[in-house]
Amino acid sequence: MKRIVKITGMVLVTVVVIIQLVPRDHNNKGTKPVNDIAQVISVPENVGVILKRSCYDCHSNHTDYPWYAKLQPFRLMLDRHIRGGKAELNFNEFGTYSSRKQRSRLRAIGESLEEGSMPLSSYTFIHKNAILSKDDKATLMNWVKIAGDSLLQKN
């Protein structure tokens with residue numbers, strides 16, 4: 001029995017060490033993107049602060065990685081969330097979207113705020129500062145409506 005436990009332990013340690021060698025994505029472009037949402041529509045400072053605090057880690061080209069991102073398999077999970085988030089909405093690439101897609105993404109932001117589906121609970125579990133207060137949600141909802149209306153007027 002002791003031998004089985006010892007072998008199992010050695011296998012687990014070996015797997016943990018080997019998995020650290022898996023390549024990681026790196027979501028840090030560094031420069032201010034010309035296609036950022038703030039270049040397309042008005043983003044008041046208070047809205048920008050909320051978006052950067054609660055959304056940009058997964059929905060932009062720049063992620064502030066937490067300490068545990070250096071460890072696999074946590075980094076793999078983070079990278080998957082970031083790829084999925086950017087595929088749905090990338091604030092840094094918003095200017096490349098068609099006007100129809102821009103309006104659609106703004107509507108989706110509003111819907112996710114109403115449903116409470118964003119930010120993900122798996123993210124806010126560890127990143128408590130990303131939790132949206134009622135005031136944050138109201139501010140974002142108001143901005144989404146105004147921004148959507150301004151996009152309609154442009155077209």
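Residues: numbered from 1 along the sequence shown.
The 12-atom threshold is exceeded at NZ of Lys128, counting heavy atoms of other residues, nucleotides or ligands nearer than 6.0 Å. Sparse packing is recorded around CD1 of Ile4, with 12 or fewer heavy atoms of other residues, nucleotides or ligands lying under 6.0 Å away. Within 6.0 Å of the CD atom in Glu115, the count of heavy atoms belonging to other residues, nucleotides or ligands exceeds 12.
At least one donor-acceptor pair under 3.5 Å links the side chain of Trp143 to the backbone N or O of Ser42. A donor-acceptor pair under 3.5 Å links the side-chain atoms of His59 to the main chain of Gly85, judged by distance alone. With Thr124 contributing its side chain and His127 its backbone, the two residues share no donor-acceptor pair below 3.5 Å.
Here the straight-line distance linking atom CG of Asp136 with atom CD1 of Ile50 works out to 4.0 Å at 0.5 Å rounding. Rounding to the nearest 0.5 angstrom, the gap separating the CZ atom in Arg53 from the CD1 atom in Ile131 is 9.5 Å. Lys2 contributes atom NZ, which lies 10.5 Å from atom NZ of Lys6 (distance to the nearest 0.5 angstrom). Annotation: the span from Tyr56 atom OH to Asn90 atom CG amounts to 8.5 Å, rounded to 0.5 Å. To the nearest 0.5 angstrom, Leu51 atom CG is 9.5 Å from Asn46 atom CG. With rounding to the nearest 0.5 angstrom, the NZ atom of Lys145 is 12.5 Å from the CZ atom of Arg107.
Considering only heavy atoms from C-beta on, Leu120 comes within 4.5 Å of Met118 through its side chain. Annotation: side chain of Glu114 is not in contact with side chain of Lys137 (no heavy-atom distance under 4.5 Å). Residues Leu132 and Pro119 are in side-chain contact: their nearest non-hydrogen atoms beyond the backbone lie under 4.5 Å apart. Annotation: side chain of Asp79 is in contact with side chain of Arg83 (closest heavy-atom distance under 4.5 Å). The shortest side-chain heavy-atom distance between Asn61 and Glu93 falls under the 4.5 Å cut-off. Proximity of Leu78 to Tyr123: side-chain heavy atoms (C-beta onward) are nowhere separated by under 4.5 Å.
A donor atom on one side chain and an acceptor atom on the other are found under 3.5 Å apart for Asp64 and His62. Using modelled atom types, one finds no donor on one side chain facing an acceptor on the other under 3.5 Å when comparing Asn35 with Asn92.
The two atoms that bring Ala147 and Ile41 nearest to each other are CB-CD1, 3.5 Å, heavy atoms only. The two residues Ala130 and Ser54 make their nearest non-hydrogen contact at O-OG, 2.7 Å.
Ile146 pairs in a side-chain contact (heavy atoms from CB on, under 4.5 Å) with only one of the listed residues (Val144, Asp149, Asn142), which is Asn142.
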(request) Would you sort out whether Val34 and Gln39 count as a side chain to side chain contact (heavy atoms under 4.5 Å, CB included), showing the intermediate values? (result) CA-CA 7 Å; Val34 296; Gln39 304 299 321; 5.6 Å; no
(request) Could you walk me through whether Ile7 and Arg3 pass side chain to side chain contact (heavy atoms under 4.5 Å, CB included), step by step? (result) CA-CA 6 Å; Ile7 291 172; Arg3 184 166 192 235; 3.9 Å; yes
(request) In sequence, state the C-alpha distance, the side-chain angles, and the governing distance for Phe94 and Tyr97, and then conclude on ring pair (Phe, Tyr, Trp, His ring centres under 6.0 Å). (result) CA-CA 5 Å; Phe94 195 82; Tyr97 298 167; 5.6 Å; yes
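For the pair Asp57 and Lys52, the salt-bridge criterion is not met [side-chain N within less than 4.0 Å of a carboxylate O].
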